[in-house]
Amino acid sequence: SPIENRAMDSLRRFLESYLSQVDGLSAILLSDRDGVGLMSAAQPECQWAVEAVVKRGLVPGFCQAAEQAGKLGVGPASAFVTNYGQMTIVLLSCQPLVVTLIGQPDCNIGAMTGLLKDRAFSEQLRRLQQVLPQESGDAAGGSGPVRV
């Protein structure tokens with residue numbers, strides 16, 4: 001519907017505004033724990049990086065590792081930082097969402113992980129969390145998230 005399209009465009013513009021605010025941040029991907037992309041914002045020359053993260057299955061791998069860490073009594077894993085090729089990737093758990101931040105090799109990792117403490121950013125995530133199913137099994141009974 002036109003209202004949903006305007007809301008999605010507004011969210012994309014909101015995410016894009018952070019690309020210039022955080023040093024070295026090239027792309028932001030919001031997905032569910034299965035790695036289904038819900039929304040992304042990327043600098044034009046870095047759209048391939050979002051596709052590479054999705055294709056490589058990094059998000060579901062992160063979620064499985066975080067779940068196993070919890071079972072081992074290590075405590076919940078809420079963030080994961082890795083280098084992949086010429087990218088620095090930060091995965092943040094905000095269940096049922098996963099925020100994937102893709103940065104340049106010399107990006108500011110502290111500023112990237114600090115996005116969850118940013119009031120406007122965390123408020124947008126809270127709004128999205130409210131409309132997404134909490135468990136992947138919940139999506140089978142409803143319409144589930146819209147893939148964009």
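Source: prediction; values computed, not measured.
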Write down the atom of [X], the atom of [Y], and the distance for their closest heavy-atom approach.
{"X": "M112", "Y": "T88", "result": "CE-O, 4.5 Å"}
{"X": "L116", "Y": "S122", "result": "O-CB, 3.5 Å"}
{"X": "L11", "Y": "Q124", "result": "CD1-OE1, 3.6 Å"}
{"X": "V54", "Y": "G35", "result": "CG1-O, 4.3 Å"}

Between V59 and W48, is there shared hydrophobic-cluster membership here, with clusters defined by ILVMFWY side-chain heavy atoms closer than 4.5 Å?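 Hydrophobic grouping puts V59 with W48.
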
Could you state the interatomic distance from [atom1] ([X]) to [atom2] ([Y]), rounded to the nearest 0.5 Å?
{"X": "F62", "Y": "S93", "atom1": "CZ", "atom2": "OG", "result": "5.0 Å"}
{"X": "I28", "Y": "C46", "atom1": "CD1", "atom2": "SG", "result": "12.0 Å"}
{"X": "L29", "Y": "T100", "atom1": "CG", "atom2": "OG1", "result": "4.5 Å"}
{"X": "L125", "Y": "L97", "atom1": "CG", "atom2": "CG", "result": "6.0 Å"}

Report the C-alpha separation of L30 and L15 in whole Å, then their side-chain angles, then the decisive distance to 0.1 Å, and conclude whether the side-chain contact (heavy atoms from CB on, under 4.5 Å) test is met. CA-CA 10 Å; L30 302 179; L15 293 176; 3.9 Å; yes

Can you find a heavy atom in the side chain of [X] that is under 4.5 Å from one in the side chain of [Y]?
{"X": "L91", "Y": "V98", "result": "yes"}
{"X": "S31", "Y": "V36", "result": "no"}
{"X": "L25", "Y": "C107", "result": "no"}
{"X": "D34", "Y": "P60", "result": "no"}
{"X": "Q129", "Y": "P96", "result": "yes"}
{"X": "K71", "Y": "V74", "result": "no"}
{"X": "M39", "Y": "M8", "result": "yes"}

Carboxylate-amine/guanidinium contact E67 R33, below 4.0 Å: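 Yes.
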
Mind telling me whether Y18 and F121 have parallel, tilted or perpendicular rings, with 30° and 60° as the class edges?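 Correct class here is perpendicular.
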
Test applied, side-chain contact (heavy atoms from CB on, under 4.5 Å); reference residue, Q47; option that passes from E45, Q43, E51: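 The residue from E45, Q43, E51 that satisfies side-chain contact (heavy atoms from CB on, under 4.5 Å) with Q47 turns out to be E51.
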
Sole candidate of I89, L92, I109 that passes side-chain contact (heavy atoms from CB on, under 4.5 Å) when paired with V81: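 One option only clears the test, and that one is I109.
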
Stepwise, does the salt bridge (Lys or Arg N to Asp or Glu O under 4.0 Å) test hold for R127 with E123? CA-CA 6 Å; R127 289 180 187 159; E123 181 58 33; 3.7 Å; yes

